[in-house]
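One structure below.
All values below were derived from every heavy atom in this structure, side-chain atoms included, with hydrogens, water molecules and symmetry-related copies excluded. In this chain, numbering begins with 1 at the start of the sequence shown.
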Amino acid sequence: MKSIKVQPLTQEAFAPYGKVLTIDGIEPAGGNPASHFWYPQVTVVDAPTSINLMPIFPRPFTVQNFEAHDHTDENLIPMDGPVIVTVAKAGELSEDNVAAFLVPQGCGVSIHAKVWHFVPFPLGRKTMCSVIFANGTSSNDIYFKDLPEVLSLEL
């Protein structure tokens, strides 16, 4: 079984798949230092939008199943723990195009339309994720494909 090394999440490494949602390196656009800072429009969903909650459960670090959306970016934010996100470049799904990233709690990813991805992997315990995308994506802009062989993820 081929292994994929889980990479640290950086803007540069994740750029072929989407955008990292973080405030690292960004100046706040407002707020009150006594209570908060404000970082508006870190990403924008230009459609009627749904905010979805997805508790994910521990399972073996193996991947074979993927999904993609033709017209919709998917924004995934782990709420109470880190997760591993697997992605593959848009186009023909191939094990040679698969990458895995460790997404820390407090960050997120915006996965571009047409990029292959699937349910993230929590680290050791159930973890709640927020999934934000155009309303109706999970019923009218989704398709699935499996790799011919199972890949394992290596921390």
Side-chain angles (χ1 to χ4, degrees), residues 4-59 61 63 65-94 97-145 153-155:
I4 302 295
K5 179 78 173 152
V6 177
Q7 305 174 50
L9 185 65
T10 66
Q11 293 284 8
E12 297 75 27
F14 198 75
Y17 315 102
K19 177 179 169 182
V20 176
L21 306 178
T22 182
I23 60 171
D24 292 346
I26 301 172
E27 291 295 318
N32 178 338
S35 62
H36 71 286
F37 290 115
W38 181 245
Y39 299 86
Q41 299 177 319
V42 173
T43 194
V44 175
V45 178
D46 191 22
T49 304
S50 65
I51 298 172
N52 308 275
L53 298 177
M54 178 176 64
I56 57 174
F57 308 105
R59 62 193 195 278
F61 289 156
V63 62
N65 314 108
F66 285 85
E67 70 179 55
H69 314 289
D70 275 332
H71 308 289
T72 309
D73 290 359
E74 181 168 320
N75 301 283
L76 178 101
I77 303 167
M79 297 170 63
D80 59 354
V83 300
I84 297 169
V85 171
T86 54
V87 290
K89 292 179 182 174
E92 187 61 34
L93 180 61
S94 161
N97 293 336
V98 176
F101 295 90
L102 180 61
V103 180
Q105 178 181 345
C107 288
V109 291
S110 182
I111 301 168
H112 289 321
K114 297 183 177 16
V115 168
W116 296 100
H117 60 283
F118 204 62
V119 176
F121 295 85
L123 298 183
R125 65 177 180 82
K126 180 178 86 170
T127 302
M128 181 65 75
C129 292
S130 173
V131 180
I132 304 165
F133 48 41
N135 196 36
T137 295
S138 59
S139 59
N140 63 25
D141 185 21
I142 190 168
Y143 50 97
F144 300 92
K145 189 163 185 179
L153 303 177
E154 181 183 323
L155 284 174

Distance-minimising heavy-atom pair for [X] and [Y]:
X	Y	result
Leu9	Gly108	CD2-O, 4.3 Å
Ala134	Thr72	N-CG2, 3.7 Å
Ala113	His71	CB-C, 3.9 Å
Pro78	Cys129	CA-SG, 4.0 Å
Pro122	Thr127	CB-OG1, 3.4 Å
Ile51	Ser130	CG2-OG, 3.8 Å

Any non-hydrogen side-chain atom of [X] less than 4.5 Å from a side-chain atom of [Y]?
X	Y	result
Thr22	Gln11	yes
Val119	Asn65	no
Pro120	Leu76	yes
Phe61	Leu123	yes
Val85	Ile111	yes

Hey, what do you get for [atom1] ([X]) to [atom2] ([Y]), rounding to the nearest 0.5 Å?
X	Y	atom1	atom2	value
Asn140	Ile142	CG	CD1	10.0 Å
Leu153	Ile84	CG	CD1	6.0 Å
Met54	Ile77	CE	CD1	11.5 Å
Asp24	Thr10	CG	OG1	11.5 Å

Partners passing side chain to side chain contact (heavy atoms under 4.5 Å, CB included) against Pro40 (at least two apart in sequence or in another chain):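 Counting only residues at least two positions away or on another chain, Pro40 forms a side chain to side chain contact (heavy atoms under 4.5 Å, CB included) with Ala29, Trp38.
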
What residues form a side chain to side chain contact (heavy atoms under 4.5 Å, CB included) with Met128, not counting sequence neighbours?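 Scan of Met128 (side chain to side chain contact (heavy atoms under 4.5 Å, CB included), adjacent residues dropped) gives Leu53, Pro55, Met79, Asp80.
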
Within a reach of under 6.0 Å around NZ of Lys19, are more than 12 heavy atoms found that belong to other residues, nucleotides or ligands?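 For Lys19, atom NZ is crowded (more than 12 foreign heavy atoms under 6.0 Å).
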
Taking atom CG of Asn32 as the centre, does the number of heavy atoms from other residues, nucleotides or ligands within less than 6.0 Å exceed 12?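 Correct, the count exceeds 12.
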
Could you give me the CA-CA distance, side-chain angles and deciding distance for Ile4 and Thr86, then say whether side chain to side chain contact (heavy atoms under 4.5 Å, CB included) is met? CA-CA 9 Å; Ile4 302 295; Thr86 54; over 6 Å; no

So, using salt bridge (Lys or Arg N to Asp or Glu O under 4.0 Å) as the criterion, who are the partners of Lys126 when residues are at least two apart?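 With sequence neighbours excluded, Lys126 shows a salt bridge (Lys or Arg N to Asp or Glu O under 4.0 Å) to no residue whatsoever.
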
Results of salt bridge (Lys or Arg N to Asp or Glu O under 4.0 Å) for Glu154 - residues two or more places apart only: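 With sequence neighbours excluded, Glu154 shows a salt bridge (Lys or Arg N to Asp or Glu O under 4.0 Å) to no residue whatsoever.
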
Inter- and intrachain pairs under ring pair (Phe, Tyr, Trp, His ring centres under 6.0 Å), touching residues 100-119, at least two apart: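 For residues 100-119: Phe14-Phe101, Tyr17-Phe101, His69-His117, Trp116-Tyr143.
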
Can you name the side chain to side chain donor-acceptor pair (under 3.5 Å) partners of Ser110, sequence neighbours left out?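 Counting only residues at least two positions away or on another chain, Ser110 forms a side chain to side chain donor-acceptor pair (under 3.5 Å) with Asn75.
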
Is a side-chain N or O of Thr49 found less than 3.5 angstrom from the main chain of Ala47, in a donor-acceptor match?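 Yes; judged by distance alone, with no hydrogens or angles, the pair exists.
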
Main chain of Ala88, side chain of Asn97: is a donor-acceptor contact present, judged purely on distance under 3.5 Å?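 Not a single qualifying donor-acceptor pair exists.
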
